[in-house]
There are 2 protein chains.
Amino acid sequence: MRIDSATRDQLQAWEKELSAQYQRICQHELSLDITRGKPSAEQLQLSDRLDGILNGDYRAADGTDTRNYGGLEGLLCARELGADILQVPTAEVVAAGNSSLTLMYHAVLTGYLFGFAGNVPWRDLQAPKFLCPVPGYDRHFAICEQLGIGMVNVPMTDSGPDMDAVEEQIRQDQDIIGLWCVPKFSNPTGVTYNKETVDRLAQLAQFANPGFRIFWDNAYAIHDLEQQVNLPSIRAATLENDTADSVLQFASTSKVTHAGAGVAFISASSANLASLKKQMQAMTIGPDKVNQLRHSRFFAEFTMLREHMQKHAQILKPKFECVLSQLHNAFGDADLGTWETPKGGYFVSFNTRPGCATAVVKLAADAGVKLTPAGATFPYGKDPEDCNIRIAPSFPPLEELDTAMAVFILCVKLASVRQQLALP
Amino acid sequence: MRIDSATRDQLQAWEKELSAQYQRICQHELSLDITRGKPSAEQLQLSDRLDGILNGDYRAADGTDTRNYGGLEGLLCARELGADILQVPTAEVVAAGNSSLTLMYHAVLTGYLFGFAGNVPWRDLQAPKFLCPVPGYDRHFAICEQLGIGMVNVPMTDSGPDMDAVEEQIRQDQDIIGLWCVPKFSNPTGVTYNKETVDRLAQLAQFANPGFRIFWDNAYAIHDLEQQVNLPSIRAATLENDTADSVLQFASTSKVTHAGAGVAFISASSANLASLKKQMQAMTIGPDKVNQLRHSRFFAEFTMLREHMQKHAQILKPKFECVLSQLHNAFGDADLGTWETPKGGYFVSFNTRPGCATAVVKLAADAGVKLTPAGATFPYGKDPEDCNIRIAPSFPPLEELDTAMAVFILCVKLASVRQQLALP
């Protein structure tokens, strides 16, 4: 199906045929959901041994009674787990509560209210703003939006953010004080940043506002579907460039063990950690160390974590294959959209023809298939091209995903044909 | 030992004798700690059944898979537990993470950055400030201090804050936008607010800044040592006065189950909850529902919680008795200090003669007994009378507490005598 070269008659015939198909599907009263990157019950079950794993022994190897108050930076053995995931020294890691999103929120808050490492608090700048590679993660953007921090789109490429655009923006505007990154299996495009991108990111602090921080949300650090994809170390790159203060790294076990009940980590330079801990000190006596101990017992060795992730991959791979093969079969030789083929992570990013995404999501919803809202992958929910749709294959069972994708494809076709017909 | 009526010779004789005793104690190289209100290992053990209690069944009664993302306001059964503790309707409760302090921080943040229920954000006022009944809880004060919110001392009486002072301050200053309260077994004085105090508190919103909020930190709601002490309902009082938006209530299971690994609760009007949830939405996908489920299974009935708290009381009572009997024996007919006799909670508040607290804490530290820093119970760490010391009997074993109290008493005597001798 090639829209651009189709005659009006052809388009009208397609519209009629696709509409009839769509009407039939609507009668099935489907209720399917491929919106959020939630693990499936089958994946969650891999970690069900967590509850009860302590077997009455609540003492950590270093003697800490995890049941009591204290320990702002988290349990040593949990920090070691975070250090393994992020491939950084334990001394640079804080192990916190159940959400890396919460850690990012507090890190933005620290920069905004108090400033990192003695720098001017962002709220004292005229128009503080973050660079946002797009499409990106809606919850990153929501943090900035809530605090009134501006957002500037920069395009994603297949090797990371468009670094020419990033550098130009920063040179032009000293009020740019942040950059959101999901450096491995980027949300949603699935891209892993290459060495050149990481090196250029590590050099930004040489000409950015001294308070500028890269938020390195390594949410999918160990979430490879097949062979391990190597993400160049941002820490090593910043050490080479003497810019270690410019990066804050995040990870969690949310998509490793139980999604809402894991452990989150932040890694940063000692100056940044000092700023963060000062903020945290007024907010908490310490994280849930009992749950941290559960996790470090569950993953007593890093190899156990790797093996555990392979079990996730075995469950996820057929789902990604389902999405990708349906897209390939339907659109492989069509002009109806483009997509990425991720080697890990949680998403497949699909771009419709410009101006079609909202219509596709609406059609799918009316047919009982819930998609992430069009625009959600952009700051303020505004996709200037109205084309990006994030597909999350992980949660539904395979047969439901298969049905949902068939509906999705039909909706893309129908929306595209109707749009073309509506053009003058 | 009565200082005021003692001759100089008598004081000198006492000083010599007490100094000698003190020197002997210093040689014991003690290392005792009665600083923080931490439960003892024996108390923590009461809840060791928590880990493993789920027995592989991670589904809540309402069908929620607690292992996955979602549920900003917490699990229904956990909210019911919070509602039981605070004696409020479940619909007014959010069940959150492991710390009510964190909830309070975020509530202050909500008021400060965004304003509650459509009111002016506190940061937009000229000099926003909280009223702080003193002595009070240092971690409350630390939140205000970090955000640059001013603090105004008001005296505690044996029925709650001095309400004449509270009302006068609020009438004088519309920039007063908060009031810290620990209404039952107040930290540190052990006082429980009486009906008149609660009623007058509920009326403050009738003449305070519309953004004014009472932070009702009911940390010891169910922490009675003997018979249950009744705290009049602030919710009922505000409903009578049409001021329900003026109160935010907090509680947690920190001193019920495991101190760092419990569940925290906030209860508020729907307008306040809407403001809080808006803030939370950018910060978190939801709390650790697995741990919430553990707690609601552990306390399947409210009577089980009551029985559990009686076991705590049995452990705590001899410790409070130790502190109180030592104080009574040493100072019952002396003029060296005053103290409260709490019926629950975690502290005994002791007032030295004015100007002696810092010296007592220093002497004790040098003899190996760690006390809460003098001044800690006041905003900015400044006790204008330098007299209040918070004693926390819960953590050390009874024999250690007994030794620590003997040292404490000696230090009070020695500091008092030396101070009197130094007077012109």
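Basis for what follows: all heavy atoms, side chains included, without hydrogens, waters or symmetry-related copies. None of the values given here were measured: they were computed from a predicted structure. Residue numbering restarts at 1 for every chain, and letters A, B, ... go by the order of the sequence lines.
Tyr346(A) carries Lys255(A) over the face of its six-membered ring, with the cationic atom under 6.0 Å from the centre and within 45° of the normal. Stacking of Lys38(B) on the aromatic ring of Tyr69(A) is not recorded, the 6.0 Å distance cut-off and the 45° axial limit not both being met.
Of the options Phe215(A), Tyr112(A), Phe141(A), a ring pair (Phe, Tyr, Trp, His ring centres under 6.0 Å) to Phe130(A) is made by Phe215(A) and by none of the others.
Counting heavy-atom pairs closer than 4.5 Å to chain A, the top-ranked of the candidates Ala261(B), Ser47(B), Ala282(B), Ala142(B) is Ala282(B). Contact count versus chain A (heavy atoms, under 4.5 Å) is highest, among Asn98(B), Leu147(B), Asn68(B), for Asn68(B). Taking Arg123(B), Gln279(B), Lys289(B) one by one and counting their heavy-atom pairs under 4.5 Å with chain A, the maximum is reached by Gln279(B). Among Gly37(B), Gly56(B), Gly97(B), Ala41(B), the residue with the largest count of heavy-atom pairs under 4.5 Å with chain A is Ala41(B). Contact count against chain A (heavy-atom pairs under 4.5 Å) is highest for Leu54(B) among Ile143(B), Leu50(B), Leu54(B).
In this view, His223(B) and Tyr220(B) satisfy the ring pair (Phe, Tyr, Trp, His ring centres under 6.0 Å) rule, not counting sequence neighbours. Among residues two or more places apart in sequence or in another chain, the salt bridge (charged side-chain N to carboxylate O under 4.0 Å, His left out) test is passed with Asp33(A) by none.
Heavy-atom distances place both the backbone and the side chain of Leu44(B) under 4.5 Å from chain A. If you measure heavy-atom distances from Asp65(A) to chain B, the contacts under 4.5 Å come from the side chain alone. Looking at Ser99(A), the atoms closer than 4.5 Å to chain B (heavy atoms on both sides) all sit in the side chain, from C-beta outward. For Ser254(A), the parts sitting under 4.5 Å from any heavy atom of chain B are the backbone and the side chain alike.
The main-chain N or O of Pro396(B) is found under 3.5 Å from a side-chain atom of Lys319(B) such that the two form a donor-acceptor pair. Tyr58(B) places a side-chain N or O within donor-acceptor distance of the main-chain N or O of Asp51(A), the cut-off being under 3.5 Å. Here the side chain of Thr372(B) pairs a donor or acceptor atom with the backbone of Thr35(B) at under 3.5 angstrom.
The line from CG of Leu72(B) to NZ of Lys278(B) is 13.5 Å long, rounded to the nearest 0.5 Å.
Of all heavy-atom pairs between Ile177(A) and Pro128(A), the closest is CG1-CB, 3.9 Å. Contact between Ala117(B) and Asn272(B) at its shortest, heavy atoms only, is CB-OD1, 4.3 Å. Heavy atoms only, all atoms of each residue included: Ala95(A) and Pro287(A) are closest at O-CG, 3.6 Å. Contact detail for Ile285(A) and Tyr137(B): the closest heavy-atom pair is CD1-OH, 4.2 Å. Gly115(B) approaches Ser275(B) most closely through the heavy-atom pair O-OG, 4.1 Å.
The stretch residues 100-109 of chain A places Leu101(A), Thr102(A), Tyr105(A), His106(A), Leu109(A) near chain B, each with some heavy atom under 4.5 Å from a heavy atom of that chain. Proximity to chain B at a heavy-atom threshold of 4.5 Å picks out Val290(A), Asn291(A), Arg294(A) from residues 290-298 of chain A, in numerical order.
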